[in-house]
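The model shown is predicted, which means the values in this text are computed figures rather than measured ones. All chains are named by letter (A, B, ...) in the order of the sequence lines, taking the proteins before the strands, and each is independently numbered beginning at 1.
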Amino acid sequence: MELDRAILRRTDRSDEEIVINFGPQHPSTHGVINFVTQTNGEVIRRSVPDIGYLHRGLEKIGELVPYPGYMPFTDRIDYLAAMFTNEGYAQAVERLLGVEVPLRANYIRAIAGELCRISNHFISIGSMSQDIGASTPFTHALRERESVNNLLEELCGARLTFNCHRIGGVAYDLPAGWGDKVLRFLDHLDSYIQEWDRLISFNEIYVERLANVGVITREKAIDFGLVGPNLRGSGVKWDIRRDMPYGAYPDFEFNIPVGTGRVGTVGDCWDRYYVRVQEIVESSKIVRQALAKLPEGEIAAKVPRKVKPEAGEAVGRVESARGDMLYYVVSDGSEKAYRLRVRTGSFMAMGIVEELSHGVMVADLIAIIASLDVVAPEIDR
Amino acid sequence: MTQEEICTQLKAQFGEAIAALSETKGDRFVVVKGEKIVDVCRFLKTTTGLEFDYCLDITAVDWPARKIIEVVFHLYSFAHRHGLVLKVETDREVPSIATVESVWKAATWLEREIYDLFGVNFTGHSDLRRILLPDDWVGYPLRKDYQEAGGYHGIGNERPDPLVQLSKVTDEKRKAIAAAVAAAAPAIVPAPPLGTSGPTPPPPTPLAPLAPSTATTTATATATTTAPVAAPAPGPERKG
């Protein structure tokens, strides 16, 4: 009797809207984020991201430590793609100082960066399949990522928080014999990606779950300021590496994968996912070219121990794994930045979640969040 | 289009509201009068040949000496591959400018962040709430004169130095600590058990002597009173 009444109560309420806190600790929110979700049964009316749980005041810290001392902090902005956070900061300060980075340093930055992109994208596509409900690909992705992390560890001694770049260059030259190891890994990787496609990318269930879900049109993507694979997934061919070339990137040939609506609509979750898979292949191409052309020379420009740029301001922009990353540094002529601003891809991506959430199923919200590839510390900084 | 050309076109349209392109080192910028910012942004976005469709970033810089907060717009055009930095100066006491949400949706979250960390009020904004910090946070942390509050809902922003508690405490130091604690808070600390105890003194374990004082005062107080006394020994400082 008691049970019957309980069931009756539940069925009575089936038309009622409820508010669920989806997070802050939830395996598929990719970090500590809360999605305050208003649902009617399985259908979401709207979902509002509540962020800030990992706010560490990294912009304020930038005003408190001298320029070179901030480099390790940049690792913590995006721990999955720390090479780019290093590079963006270094680039902004170099532009303020007017320092020319040696060519070899730029090549090492490109090699390290692209390996880091491979590592990051494996986490992204692996955890995405995990969120959708396929567990096996995640273990495969982590296995490949471990290999990259081993290589990066050999390069700079750290697996995630690299602190590898310096203002004016890089901290470490390539270890002896390292290039061959990288090439061996890339040979494996290129064949592995085909296996990955067979395993999951074109898996019918997976495609059914992602195609036509969370469609972001080209106009909307630009309007919301999306960057990186999220923007390219909507068919916008925009990549800082090609369109505003920096470092060694003008020397390399590579394609910019964009979403084409291959299995559904342009800009759906599958497109964003597949852009990342293709970018792994492109990164592999870049690393091969960089290793083949690697010039001799210095790995860092001569930068005074006390970095004191003239008063002024500069922007450093790099194509991070999560897209166009912007550092805005204002100098007042002292040893510390007067203002240090980090605009990250994840922050912009979170801004569109509410817009996409209207009328989707709860399970699709998870697919949308996974496809945007947000990293909580990068949102909150 | 070069920045000079864009600036000339803006000046032709808005005249006085647009200052000249700055001559600063690094990136150059244009200062726009606050009341015109929405018009300027819409003009930049919709005019053929300019088409700034990409709002790269909106942020702010606090200048207490000049008594202003600058709101900085980084704009870019995908179609024409040119960029521009706009700045709006607003009074530091009552910082307020109109929202550009109607021009770029990206502004919604970027402006919320400025509101949160600088306290700039964006008039007409659809959802002006704190974004990174809790709703009941006091102050705007990225302002230059921001003073940290002592804590937040009982969560302190300091903690006792764990190294001090782990360091060896000799008999002499223990007496000094007891004396210091007694002197610091005579009302709360009852008769110190050390030195006045019965026939056998307690075995000198490193952590034991701190226990009684921890029980009477807070852990923080113990650590802070301990620190100066233990200082002569090679500093048990926290790793820098």
Side-chain contact, heavy-atom cut-off 4.5 Å: B/L142 with A/E63?
-> yes
Looking only at atom types and distance, does a side-chain atom of B/K105 sit under 3.5 Å from a main-chain N or O of A/G225, one as donor and one as acceptor?
-> no
Evaluate the side-chain proximity of B/F78 to A/D243: yes if any heavy-atom separation is below 4.5 Å, no if none is.
-> no
Tell me, do B/Y54 and A/L231 make a side-chain contact under 4.5 Å, heavy atoms counted?
-> no
Side chains of A/R341 and B/E113: does their closest heavy-atom pair fall under 4.5 Å?
-> yes
Residue by residue, scan residues 345-352 of chain A and write down, ordered by number, those that have a heavy-atom distance under 4.5 Å to chain B; if none do, write 'none'.
-> A/F347, A/M348, A/M350, A/G351
Is the charged tip of B/K144 near the ring of A/Y338: under 6.0 Å from the six-membered ring centre and within 45° of its axis?
-> yes
Chain B: which of A/E219, A/E355, A/M244, A/R317 shares the most heavy-atom pairs with it under 4.5 Å?
-> A/R317
From the list A/E59, A/R343, A/R339, side-chain hydrogen bond (donor to acceptor under 3.5 Å, both in side chains) partner of B/T59 resolves to A/R339
Test item: A/V48 and B/R129 side chains (from C-beta on) under 4.5 Å apart, heavy atoms = yes
Output the residues of residues 371-381 of chain A for which the shortest heavy-atom distance to chain B is under 4.5 Å, in residue-number order; output 'none' if no such residue exists.
-> A/I379, A/D380, A/R381
Hey, are the side chains of B/D116 and A/H55 touching, using non-hydrogen atoms and a 4.5 Å cut-off?
-> no
Can you see which heavy atom on A/D324 is nearest to which on B/L56, and at what distance?
-> OD2-CD1, 3.3 Å
More than 12 heavy atoms of other residues, nucleotides or ligands under 6.0 Å from CZ of A/R56: is that the case?
-> yes
What residue in B/V72, B/D127, B/I58 has the most heavy-atom pairs under 4.5 Å with chain A?
-> B/V72
Would you mind telling me which of B/L117, B/L110, B/L133 has the largest number of heavy-atom pairs within less than 4.5 Å of chain A?
-> B/L110
